[in-house]
Amino acid sequence: MTDRPHEIPSESSTSMFSSAGPNQNCDSWQQWLSESKQCTRAVELVNKFIRRCINQTHEMPSVISVLENQLRYVDCKGERQVVETENVIYYIQHIDAENFTGLHFPSSDMENISAFDPATRISLPPTLLDGVNIATNTVQIRILLFRDARLFQVKNQTILNNVVGIQMGHSTFDNLTDPVIIVFNKSSPVKVTPKCVFWKLEQNGNTVEGHWNNSGCTTENTVNEVICKCNHLTFFAVLLQIDGNPPVDEKILKSLTYITWIGCGVSGIFTVITLIIHFILRKRQKEPSIQIHVNLSAALFLLNVNFLISTAVSFSSSDEFCKAIAVLLHYSLLCSFTWMGIEAFHLYLMLIKVFNTYIRFYMLKLCLLGWGFPAAVILIVIAISTDHYGRYSIPVNGNHNPTEMCWIKNKAVHYVTNVAYFALVFLGNSIMLLIACVKVFRLKGRDRKSVFTVLGLTYLLGITYGIAFFSHGPQSEPAMYLFCILNPLQGLFIFLWYCMLIRLPGSTVSETSKNTIHE
């Protein structure tokens with residue numbers, strides 16, 4: 001079997017064990033955890049460390065790395081044994097590798113199993129040893145249950161109840177044919193969304209860092225239980241999603257996903273066509289209005305492509321790649337919002353200022369704003385913490401796994417950089433749309449052409465994104481469908497608007513643009 005990516009090479013077994021008594025200084029945590037090879041003594045030392053030193057050391061991932069390595073070498077006599085302490089329960093059993101038919105913990109035929117916490121049940125599949133080279137016929141199965149999960153605590157994350165560690169022999173297990181099943185009981189129904197995760201350790205320079213990861217694990221959520229199915233052996237827990245997002249019905253989520261995919265595909269195609277046409281005709285189409293439309297089309301193209309990639313690769317990609325996609329998706333969304341705001345600003349110059357408007361290097365300044373401002377926001381967020389980006393879960397009602405995408409994980413970052421920013425853009429653009437509607441209807445009346453003009457301006461200014469503000473409460477379902485139908489097609493309507501402008505070079509919009517804005 002291949003080595004698990006989260007396993008960090010620890011000290012050798014000889015250096016982890018000594019005959020000296022435990023150092024009373026918590027900084028010498030390796031001596032605490034490597035004091036004895038004897039089964040009961042080793043578990044008692046771990047329990048003592050948690051009770052006395054858990055709040056005094058900042059090297060928890062390193063502690064877990066040493067502990068995971070040490071468990072492979074502790075000497076537990078007898079066919080099976082249970083060691084129970086205040087914070088830790090350790091179960092070990094020797095099995096016949098050639099005749100292994102799977103195991104369930106706890107089961108009625110196990111001695112002293114009453115000590116094992118009834119809040120957790122584990123099933124190991126009969127195929128667990130398939131393809132594993134076992135040197136001896138007898139293999140140790142080790143299960144470690146932490147009643148106190150502070151060793152694995154991550155800021156702003158909550159664990160349901162226990163952390164369970166599973167090991168077998170001295171081998172690592174990955175990509176199992178049949179999953180290991182861990183059932184966590186709920187003492188009472190939880191309102192937040194549970195997610196099955198495993199503890200991943202990674203080397204970062206001279207330090208070891210740990211975090212929760214859900215790769216290879218699926219989650220089934222019932223009223224009283226959370227059922228985790230994972231294709232490897234390590235430390236497992238149930239992470240509670242406390243971001244406040246209400247669960248979505250599975251059928252609704254699937255239909256919204258398909259609608260969005262189709263809309264983003266159509267929008268992406270037409271934004272590409274717009275960019276190609278403009279590239280061909282770029283020498284004849286230098287009006288700021290058209291150039292602004294093209295920049296908005298480019299931003300929407302990036303948004304559509306990054307969204308499709310984000311939803312497609314979230315399950316299979318590495319954490320680093322998912323973070324990169326999340327950053328690109330966030331950047332393209334902010335660029336789209338910014339260019340929508342620029343559309344409103346340019347409309348203001350054409351309809352309100354009209355005469356005596358001179359802005360030196362007008363398009364250059366707009367491009368610096370449209371592409372540079374979002375980049376500055378992204379750099380600030382990344383400078384604060386790259387952990388703001390990653391796999392984002394959308395909870396689903398019933399016994400279904402959450403849907404994931406690569407996006408912003410931090411709720412504060414999302415509300416400040418996306419919701420609050422768009423609210424400002426939406427307010428200004430809505431005012432400009434009302435002014436434009438009044439002028440259009442006064443000049444041309446309420447004919448078909450006027451309606452089409454208003455519809456085009458609505459998409460140019462991104463007014464349809466405001467539907468997101470109504471996606472809560474009793475009208476949430478219709479609002480979500482409208483949002484997912486209208487917004488992904490924005491690229492199509494901008495393409496039609498662009499075609500109208502280049503077919504009518506003498507139109508009011510183009511002439512006003514040329515006469516009032518100077519490069």
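Computed from heavy atoms alone, side chains included, the values below leave out hydrogens, waters and symmetry copies.
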Any side-chain heavy-atom pair of M480 and F483 under 4.5 Å: no
Within 6.0 angstrom of K254 NZ, more than 12 heavy atoms from elsewhere: no
Whether T458 side chain and I463 backbone form a donor-acceptor pair below 3.5 Å: no
Check: Y362 and H346 side chains under 4.5 Å, non-hydrogen atoms: yes
Ring geometry between F270 and F495 (parallel below 30°, tilted from 30 to 60°, perpendicular above 60°): tilted
Any donor-acceptor N/O pair, E343 side chain to L461 backbone, under 3.5 Å: no
Heavy-atom closest contact (G268 atom, F301 atom, distance): O-CD1, 3.8 Å
Could you tabulate the donor-acceptor pairs under 3.5 Å formed by side-chain atoms of residues 367-382, not counting sequence neighbours?
from : atom 1 : to   : atom 2 : distance (Å)
W371 : NE1    : N295 : OD1    : 3.0

Closest non-hydrogen atom pair between M432 and A344, with its separation: CG-O, 3.8 Å
More than 12 heavy atoms of other groups within 6.0 Å of K323 NZ: yes
Heavy-atom donor-acceptor pair, T271 side chain to S267 backbone, under 3.5 Å: yes
Approximate separation, where rounding is to 0.5 Å, of F184 CZ and L160 CG: 7.5 Å
Test item: side-chain donor near acceptor, N418 and H330, under 3.5 Å: yes
Close side-chain approach of F198 to S215, heavy-atom, < 4.5 Å: yes
Minimum side-chain heavy-atom gap V180-P125 below 4.5 Å: yes
Distance in Å, L433 CG paired with L457 CG, rounded so as to fall on 0.5 Å steps: 6.5 Å
W212/I159 under side chain to side chain contact (heavy atoms under 4.5 Å, CB included): CA gap, chis, key distance, verdict: CA-CA 10 Å; W212 292 111; I159 296 172; 3.6 Å; yes
F493 atom CZ, neighbour heavy-atom count above 12 within 6.0 Å: yes
Aromatic ring pairing Y498/H278, orientation class (parallel under 30°, perpendicular over 60°, tilted between): perpendicular
Side-chain heavy atoms of V163 within contact of W199, under 4.5 Å: no
Side chain to side chain contact (heavy atoms under 4.5 Å, CB included) between I182 and T120, worked out: CA-CA 7 Å; I182 310 103; T120 306; 3.8 Å; yes
Sidechain-backbone polar pair: N429 side chain, M340 backbone, donor-acceptor under 3.5 Å: yes
Side chain to side chain contact (heavy atoms under 4.5 Å, CB included) assessment of N224 paired with N185: CA-CA 6 Å; N224 299 314; N185 290 344; over 6 Å; no
Nearest atoms (heavy-atom pairs only) where F235 meets G165: CD2-CA, 3.4 Å
Min side-chain heavy-atom separation I359-L349 under 4.5 Å: yes
Separation between CG of L240 and NZ of K195, rounded to the nearest 0.5 Å: 11.0 Å
Contacts of type side chain to side chain donor-acceptor pair (under 3.5 Å), residue S123, not counting sequence neighbours: H104
Gap separating the CG atom of L434 from the NZ atom of K439, nearest 0.5 angstrom: 13.0 Å
Side-chain heavy-atom pair L333, L329 within 4.5 angstrom cut-off: no
F422 and F337 aromatic ring geometry - parallel, tilted or perpendicular at 30°/60° bounds: tilted
Distance in Å, L328 CG paired with Y389 OH, rounded so as to fall on 0.5 Å steps: 10.0 Å
Non-neighbouring partners of C196 that pass disulfide (SG to SG under 2.5 Å), sequence neighbours left out: C228
Minimum heavy-atom distance between A326 and G390, given as atom pair plus value: CB-N, 4.1 Å
Considering all heavy atoms, the nearest T219-P194 contact: CG2-O, 3.7 Å
Under 3.5 Å donor-acceptor, S310 side chain and N306 backbone: no
Gap separating the SG atom of C322 from the CE atom of M405, nearest 0.5 angstrom: 9.0 Å
Within-4.5 Å side-chain heavy-atom neighbours: Y392 and I408: no
Minimum heavy-atom distance between V164 and I166, given as atom pair plus value: CG1-CG1, 4.0 Å
From CA spacing to verdict: side chain to side chain contact (heavy atoms under 4.5 Å, CB included), Y481, S255: CA-CA 9 Å; Y481 274 101; S255 60; 2.7 Å; yes
